[in-house]
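All residue numbers refer to positions in the sequence shown, counting from 1.
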Amino acid sequence: QFAPVPKSALGPPVNADGYFVGQIKGDLYWVTDSFYTAMFLTTRDGVVLVDAPPTIGHNLLRAIGAVTQANGRPSQVTHLVYSHSHADHIGASILFGPDVVRIGHRECRTLLLRDNDPNRPPPQVTFDEHFTLTVGGETLLLDFHGPNHTPDNIFIRAPAQQTLMLVDVIFPGWVPFKELAVSQDIPDWIKAQDVALSLPWQTLVAGHLGRLGTRDDAELQIAYVADLVASARATMASLNPAPIFQEFGNNAWAIFKVYLDAASAQTAAPVTAKYLGKLAAADVFTFDNAFEVFEFVLRVDGGVLGPFGIHP
């Protein structure tokens, strides 16, 4: 049994086809299936799509068709921007054919060439730090601020619409997915939250779940992660590992497992209690997120090794 999801975490209901499409501002729109989100910009020269989650799949085409039929803009997707290489966000790229211009970070192309997935053709247009995409009088700013969730995850801004799309970093109304979104660089993932808040935007498209985000959502998640870090430090200072060493003797992996599980549980407990009712699924993933903070922010990357530090 898990705690009820706060109504504030939920987005609009999906239609009979399983999706919702809504206007953000002007010619900028978003589409969701309540699990994933994508964003698209309608221009006089065609549509610029950002990400192609496979769970939305053909509903991306239906959403774009419905919007462009209503606003009179061309429905052809001419450009497809990849936030990063992961299949759960761009695995429906193949639906847009060989002629769409795919754009992503240089490392995104490297990773997709390695993966050799026919559903995710590598981007033809790549960049290292900054790229300005202008199509039919509309502009997106693509920026790389260093590794975070993945080595290629980028910040995508629609400046005229005051909108940021940043995937797998901030989760509006919810705690982050398991193990801080199974991110590959935890210290820089944490830093990416602050980078996001340093940029000018009012609306966030987060890549997951069923609603748009706000700056208040970002600040609440930053507080949640900061509380996890503080609780992890308190746990490191107070958890006595001696009984674990005594009980499991020469079973090194058992010692590590029981110690890290105990540390994760102790770290998570006050944070879960504080955020229940404030962030959805605080009781679902806070233990896993606590492990990630304890293991990487403190131990592996932070050098605070506790009982596994320099032997006296």
Side-chain angles (χ1 to χ4, degrees), residues 21 23-31 36-69 71-145 149-161 163-168 205 207:
V21 63
Q23 183 182 39
I24 297 175
K25 185 177 180 181
D27 290 312
L28 186 66
Y29 296 82
W30 70 295
V31 58
Y36 286 83
T37 58
M39 180 174 81
F40 63 93
L41 190 58
T42 63
T43 84
R44 62 175 180 260
D45 294 335
V47 175
V48 179
L49 175 64
V50 185
D51 280 358
T55 63
I56 305 178
H58 286 85
N59 279 335
L60 290 167
L61 296 167
R62 295 184 183 99
I64 291 168
V67 166
T68 54
Q69 184 177 22
N71 70 12
R73 291 289 177 97
S75 63
Q76 181 69 34
V77 176
T78 59
H79 296 75
L80 175 52
V81 176
Y82 289 167
S83 64
H84 65 297
S85 66
H86 282 173
D88 61 325
H89 290 280
I90 63 168
S93 174
I94 192 65
L95 297 179
F96 299 93
D99 296 329
V100 67
V101 178
R102 293 174 169 88
I103 304 166
H105 189 263
R106 176 174 52 84
E107 184 66 15
C108 180
R109 177 174 173 81
T110 299
L111 293 168
L112 289 175
L113 287 171
R114 176 203 67 185
D115 293 344
N116 194 28
D117 178 0
N119 290 325
R120 292 178 289 156
Q124 308 100 312
V125 178
T126 64
F127 65 97
D128 287 329
E129 294 184 357
H130 309 288
F131 186 87
T132 299
L133 175 63
T134 300
V135 179
E138 302 284 351
T139 297
L140 292 179
L141 304 177
L142 315 181
D143 296 296
F144 180 67
H145 291 284
H149 172 64
T150 60
D152 63 326
N153 200 32
I154 63 172
F155 294 65
I156 302 132
R157 283 195 296 130
Q161 294 83 10
T163 296
L164 170 69
M165 184 165 176
L166 176 61
V167 175
D168 284 327
V205 180

Can you give each donor-acceptor pair under 3.5 Å made by side-chain atoms of residues 131-142, sequence neighbours left out, with the distance rounded to 0.1 Å?
{"unit_1": "Thr134", "atom_1": "OG1", "unit_2": "Thr139", "atom_2": "OG1", "d": "3.2"}
{"unit_1": "Glu138", "atom_1": "OE1", "unit_2": "Gln161", "atom_2": "NE2", "d": "3.4"}

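Of all non-hydrogen atoms in Ala38 and Leu49, the two that sit nearest each other are CB-CD1, 4.5 Å. Considering all non-hydrogen atoms of both residues, Leu111 and Ser85 come closest at CD1-OG, 3.6 Å. The two residues Cys108 and Tyr82 have their closest heavy-atom pair at SG-CD1, 3.8 Å. Closest heavy-atom contact between Ala92 and Pro53: CB-O, 4.0 Å. For the pair Gly46 and Thr43, the tightest heavy-atom approach, listed with the atom from each and the gap, is O-OG1, 2.7 Å. The two residues Ser75 and Ile64 come nearest to each other via the heavy atoms O-CG2, 3.6 Å.
Sorted by first and then second residue, the ring pair (Phe, Tyr, Trp, His ring centres under 6.0 Å) pairs involving residues 102-121 (not counting sequence neighbours) are His105-Phe127, His105-Phe144. For residues 108-123, the pairs satisfying salt bridge (Lys or Arg N to Asp or Glu O under 4.0 Å) are Asp115-Arg120, Asp117-Arg120, with sequence neighbours left out. Sorted by first then second residue, the salt bridge (Lys or Arg N to Asp or Glu O under 4.0 Å) pairs that include residues 52-62, not counting sequence neighbours, number zero. Residue pairs meeting the salt bridge (Lys or Arg N to Asp or Glu O under 4.0 Å) criterion with at least one partner in residues 98-108, sequence neighbours excluded, are Arg106-Asp128.
At a threshold of 4.5 Å between non-hydrogen side-chain atoms, the residues Leu112 and Pro123 count as touching. Between Phe40 and Leu60 there is no side-chain heavy-atom pair separated by less than 4.5 Å.
In this structure, the separation between CD1 on Ile156 and CG on Leu166 is 8.0 Å, given to the nearest 0.5 Å. The CG atom of Asp27 sits 11.0 Å away from the OG1 atom of Thr68 when rounded to the nearest 0.5 Å. Between the CD atom in Glu129 and the NE2 atom in His145 there is a gap of 10.0 Å [rounded to 0.5 Å]. Put simply, CD1 on Ile154 and CG on Asp143 are 8.0 Å apart, with the number rounded to the nearest 0.5 Å.
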task: I would like to know whether Asn119 and Ser93 meet side-chain contact (heavy atoms from CB on, under 4.5 Å); could you show each step before the answer?
output: CA-CA 6 Å; Asn119 290 325; Ser93 174; over 6 Å; no
message: Could you go through Trp30 and Thr163, starting from their C-alpha distance and side-chain angles, then the distance that decides it, and tell me whether this counts as side-chain contact (heavy atoms from CB on, under 4.5 Å)?
response: CA-CA 11 Å; Trp30 70 295; Thr163 296; over 6 Å; no
task: Give the intermediate values and the outcome of side-chain hydrogen bond (donor to acceptor under 3.5 Å, both in side chains) for residues His89 and Asp168.
output: CA-CA 10 Å; His89 290 280; Asp168 284 327; 3.1 Å; yes
query: side-chain hydrogen bond (donor to acceptor under 3.5 Å, both in side chains) between Asp45 and Thr78: does it pass, once the steps are laid out?
result: CA-CA 8 Å; Asp45 294 335; Thr78 59; over 6 Å; no
- request: Quick one: do Arg73 and Val47 satisfy side-chain contact (heavy atoms from CB on, under 4.5 Å)? Show the steps, please.
  value: CA-CA 8 Å; Arg73 291 289 177 97; Val47 175; over 6 Å; no
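Remark: Asp152 engages no residue in a salt bridge (charged side-chain N to carboxylate O under 4.0 Å, His left out) (not counting sequence neighbours).
The only member of Thr37, Val167, Val205 that meets side chain to side chain contact (heavy atoms under 4.5 Å, CB included) when paired with Asp51 is Val167.
Judged purely by atom type and a 3.5 angstrom limit, Gln23 uses its side chain to pair as donor or acceptor with the backbone of Gly26.
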